[in-house]
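Throughout, protein chains are lettered first and strands after them, A, B, ... in sequence-line order, and every chain is numbered starting at 1.
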Amino acid sequence: MLDIKRIRERPEEIRQGLRARGADASAVDAVLALDTQRRDLLTATETRKSDRNRISKTIGERRKQGEDTADMQAQVRDLGDEISAMDERVREVEAQLEARMLMIPNIPCPHIPVGPDASGNRVVRTWGEPRTFNFQPKSHIELGEKLGIFDFARATRMTGAGFPLLVGAGSRLQRGLIQYMLDLHITEHGYTEIWPPALCNTRSMTGTGQLPKMAEDMYHLVEDDLWMIPTAEVPVTNYYREEIIDRPLPISLTAYTPCFRREAGAAGKGTRGMIRVHQFDKVEMVKFVEPATSYDVLEALTGNAEDVLQRLGLCYRVLELCSGDISFAAAKCYDLELWAPGQDGWLEVSSCSNFEDFQARRAGIRYRDSEGKVQFVHTLNGSGVALPRLVVAIIENGQQEDGSVILPPAIVPYMGGMDRITA
RNA sequence: GGAGAGGUGGCUGAGUGGCUUAAAGCAGCGGUUUGCUAAACCGUCGUAGUACCUAAAGUGCUACCGGGGGUUCGACUCCCCCCCUCUCCGCCA
C-alpha cells in the first residue's frame, strides 16, 4: 500500500509511476477525493465526540453534588445519535478508500528501465556459457520419462493435469536440491531457517499483496477461508505482521515450502512437462531491512540466489525487469533465468524484489530507528531458487547422448554419492 | 467435537461504571555518580488518525485494554456473539 500522505503531497509523481507500469493513473484522483471526504467527516465527527466527552464528565460531577442533570443527559443522547450516524458514514468512506488503496500497485523505482512489457527488460549479465552438443539435445519430458524419474500420466490420474510426480532418482534429486539450497543459505549467507504453514489466512495474503487482486490465481479453501500459498513469501513475510520488530535489522529468513498456483488463463501456454505446474517447490529468501539499505540488500539477495546456480555450474542470465513487467508489489526486480537446451530457451527460476515499504504498510511491519521512532521496514524477497525448473535445467544440461544425465558435483553428496542418473 | 479457565502497553501484572492511557515492576532512552564494567539515584518512556503550523518540533482533539455489537449521559469495568490461548476429556498422523 502506498502512503496516503505521499499521494496527497505529490500526486503527479504517483500518476507518472502508475503510467510507467501501464496502470490506471486516475486511481489517484479517486483516492484523493475519498481522502478529502474522509478528513472532512472526521473533523466534524470528532468535534461532536469531544463535546460528548466533556458534557458527560460534567454530568458525573453535577450528579455527585446531587444536581438534576436530565436536560444535559437528553442533550448528550441526541448528540450520541448524531455521532452514530456520522461514524457510519466515516466507516463507509474509509472502506471505499481502503478498497481503492489496496488495488493500487507499488510505484516503480525511478532508476529501472521504462517499458510496456517483458520486451523492455534488460539483460544485466550472463554467467557461464550455454553448453554445446554434438547431438540433438532432448527435452526433460522425453529424458525424464525414459529415465523413469517423471510420471505425468499417473499424476494426471491421481490429481489432474499440471501436478508433478517425481519418482526414484528424480524425487531424490528434488529433495537433495532443497536440502542443498537451505544448507547454503543458512551456513554461507546468514539466513535463519523456518518451516512455515502452507496455508495462510486472508489478512496475510493481503499483507504481501496477493489479495485482493490475485484471488483467482490462488486455491481457496472456502470452508475455512484459508488460501494455499502461491509462494513462501506470504508466510515468511507475515512472520512479523502487526509487530514492531524488537531485534536488530537486517533480518534474513529462508524457508522451503510447496507453492500452489491455479494458473487460471494459462492453459495451453507451456503446460506440458515440469515448467508450468499447479504445485511446485521452492526455497525462498526474505529480508526485513532499514529503508536506507534496501537497494544494496537487493543486490546481495540476488547474489545469494546466483550463488545457488553458480555452485551447480549452470549457465544463467540476470534480467532487470522494466516498469511494465514488475509485479504488483515490487519497486524493483531482478529475474534469474537458467539456460535449458532442451527448450532452446531460458527458464525463470528466481525473482528477487525490493518492495520498499509497500508490504510493510499493508502488513504493519515496523521497527524503531536509531532515534527510537517507529518506522516501516523495507521488505525484500527472492527465490533461492524454484524447483522443478532447476531440475529441468540440470537434466537438460547434464544429458548425454545415451539419455543418461550427469549430475553437478555440488549435488552429488545429497544424492548419496550418485553422480549420474541412468535408466 | 465437549467441559472449564483466561485474553490489559515491548514484557510481567493491578484495575468490577466517571478521578485510568491505564498502578507497580522489568526492559528501553537521557542524565548524575564512576578508573572501566556493574550497581545506585534522578528524569523520560504507547500506537494511530486528525487539526493548527511552510516544514520539523510542538500543542489540541479523537480512537484504541482479543474482534464485533448492545445497555448507559458516560464502558477496561455490565450484557450478547465471534476469535484465540491454556487445562481436562474425546478423536487422530
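Between A:Arg52 and B:A75 there is no side-chain N or O to OP1 or OP2 distance below 4.0 Å. Taking 4.0 angstrom as the limit, A:Arg38 places a side-chain polar atom (N or O) nearer than this to OP1 or OP2 of B:U50. Regarding contacts with the backbone of B:U62, a side-chain N or O of A:Asn53 is found under 4.0 angstrom from either OP1 or OP2. At the phosphate of B:A51, OP1 or OP2 sits under 4.0 Å from a side-chain N or O atom of A:Arg39.
A straight line from CD of A:Glu242 to C1' of B:C64 spans 14 Å, rounded to a whole angstrom. For A:Glu9 and B:A56, the CD to C1' distance is 13 Å, given to the nearest whole Å. Spacing between atom CG of A:Asp87 and atom P of B:U50 amounts to 16 Å, rounded to whole angstrom units. Between the P atom of B:G49 and the CE atom of A:Met101 lies a distance of 12 Å, rounded to the nearest Å. Atom CG of A:Asp224 and atom P of B:C84 are 11 Å apart (whole Å). Rounded to whole angstrom, the span from the CZ atom of A:Arg91 across to the C1' atom of B:G69 amounts to 10 Å. Separating the CD atom of A:Gln65 from the P atom of B:C73 is a distance of 20 Å, rounded to the nearest angstrom. Residue A:Lys49 contributes atom NZ, which lies 10 Å from atom P of B:U62 at whole-angstrom precision.
Rounded to whole Å, the P atom of B:C86 lies 32 Å from the corresponding atom of B:A24. As rounded to the nearest Å, B:U77 and B:G6 have P atoms that lie 15 Å from one another. Comparing the C1' positions of B:G66 and B:C83 gives an interatomic distance of 8 Å, to the nearest angstrom. Distance noted for atom P between B:U16 and B:C78: 9 Å (whole Å). Comparing the C1' positions of B:U12 and B:G28 gives a spacing of 15 Å, expressed to the nearest Å. Annotation: B:A14 and B:G1 have their C1' atoms spaced 37 Å apart (nearest Å). Nucleotides B:C26 and B:U44 place their C1' atoms 16 Å apart, quoted to the nearest Å. Across B:A38 and B:A23, the matching C1' atoms stand 30 Å from one another, rounded to whole Å.
At a cut-off of 3.5 Å, with distance as the only test, no side-chain donor of A:Lys282 or A:Ser383 sits close to an acceptor on the other residue. No side-chain N or O of A:Glu337 forms a donor-acceptor pair with one of A:Tyr316 less than 3.5 Å apart.
Here A:Glu88 pairs with A:Arg91 in a salt bridge; the nearest charged N to carboxylate O distance falls below 4.0 Å. Under 4.0 Å is where a charged nitrogen must lie from a carboxylate oxygen, and between A:Asp217 and A:Arg261 no such pair does. No salt bridge links A:Glu396 with A:Lys138; every basic N to acidic carboxylate O contact stays at or beyond 4.0 Å. A salt bridge does not link A:Glu356 to A:Lys332: none of the charged side-chain nitrogens sits closer than 4.0 Å to a carboxylate oxygen. A:Glu12 and A:Arg15 are joined by a salt bridge, as a carboxylate oxygen and a charged side-chain nitrogen come within less than 4.0 angstrom of each other. With salt bridges taken as basic N to acidic carboxylate O contacts below 4.0 Å, none links A:Glu67 and A:Arg63.
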Are any protein N/O atoms closer than 3.5 Å to N/O atoms in nucleotides 44-47 of chain B? If there are, list each pair with its distance.
| residue | atom | partner | partner atom | Å |
| --- | --- | --- | --- | --- |
| B:U47 | OP1 | A:Arg368 | NH1 | 3.4 |
| B:U47 | O3' | A:Arg366 | NH1 | 3.0 |

Table of protein N/O atoms under 3.5 Å from nucleotides 15-23 of chain B N/O atoms:
| residue | atom | partner | partner atom | Å |
| --- | --- | --- | --- | --- |
| B:G18 | N2 | A:Ser56 | O | 2.7 |

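Ring centroid separation for the pair A:Phe376 and A:Tyr367 does not come in under the 6.0 Å cut-off.
If you check every strand for non-hydrogen atoms under 4.0 Å, A:Arg8 touches sugar and phosphate atoms only.
With hydrogens and angles ignored, a donor-acceptor pair under 3.5 angstrom links the side chain of A:Glu46 to the base of B:G49.
Partner A:Trp227 forms a side-chain contact (heavy atoms from CB on, under 4.5 Å) with one of A:Leu199, A:Leu211, A:Leu221 and no other, that one being A:Leu211.
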Dot-bracket for RNA chain B, 5' to 3', with Watson-Crick and G-U pairs under 3.5 Å, [ ] for crossing pairs and | for other-strand pairs: what is it? ((((((((.[[[..)..(.....]]].(((((.......))))).(((((((.....))))))).[[[[[..)....]]]]])))))))....
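Contact between A:Ala329 and A:Phe355 at its shortest, heavy atoms only, is O-CD2, 3.2 Å. Across A:Ser294 and A:His378, no two heavy atoms sit closer than the pair OG-ND1, 2.8 Å.
In this structure, A:Thr43 and A:Gln73 both approach RNA chain B, and ranking their closest nucleotides by distance from the 5' end singles out A:Thr43.
More than 12 heavy-atom neighbours from other residues, nucleotides or ligands sit within 6.0 angstrom of CZ on A:Arg10.
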